[in-house]
Student: 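Please read through the structure below; I'll follow up with questions.
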Amino acid sequence: MHQADTGITKRAELLKQWRQALGYTQKDLAAILGVSNFHVCEQEHNRKPTTARTINHLALIYAINSLPPDAPVSIIQEMLVPPDVIRKRQKAMQRLKTQPQKRR
């Protein structure tokens, strides 16, 4: 019986590939993610679902580790801030620029 791929298998494979690319053991990754190494093992073997949150967290770690050592701190800060927060900040800055300055 053929079942539709829900992406869970792909997430499990991605989790393992990124972990290995970063040179982490399952125990290392578990410590970073705040879970047990048994949990990471279960996710990699597709016995527990690998959440999007886990993949996003690992993607961020992978991206930061891929940066050159002399990368500006601002790049890392931008990676750590969710896109919706960045948009809110940009709107707030735009409003501040368009409002007339009050004199004291």
Student: How long is the gap from NE2 on H57 to CH2 on W18, to the nearest 0.5 Å?
Tutor: 12.0 Å
Student: Using 0.5 Å steps for rounding, measure from the CD atom of E42 to the CD atom of Q26.
Tutor: 9.5 Å
Student: Residues two or more places apart in sequence or in another chain: which of them pass side-chain contact (heavy atoms from CB on, under 4.5 Å) with L22?
Tutor: Y24, L58, I61, Y62, N65
Student: Please identify each residue that fulfils side-chain contact (heavy atoms from CB on, under 4.5 Å) with H39, with sequence neighbours left out.
Tutor: V35, S36, Q43, K48
Student: Roughly how far apart are L14 CG and T50 OG1, rounded to 0.5 Å?
Tutor: 9.0 Å
Student: For R95, check side-chain hydrogen bond (donor to acceptor under 3.5 Å, both in side chains) against everything at least two apart and list the hits.
Tutor: none
Student: Testing the basics here: between L15 and V40, what is the closest heavy-atom pair and its distance to 0.1 Å?
Tutor: CD2-O, 4.4 Å
Student: Which residues pass the side-chain hydrogen bond (donor to acceptor under 3.5 Å, both in side chains) test with D28, sequence neighbours left out?
Tutor: T25
Student: Would you list the pairs meeting salt bridge (Lys or Arg N to Asp or Glu O under 4.0 Å) in which at least one residue belongs to residues 15-27, sequence neighbours left out?
Tutor: R19-E44
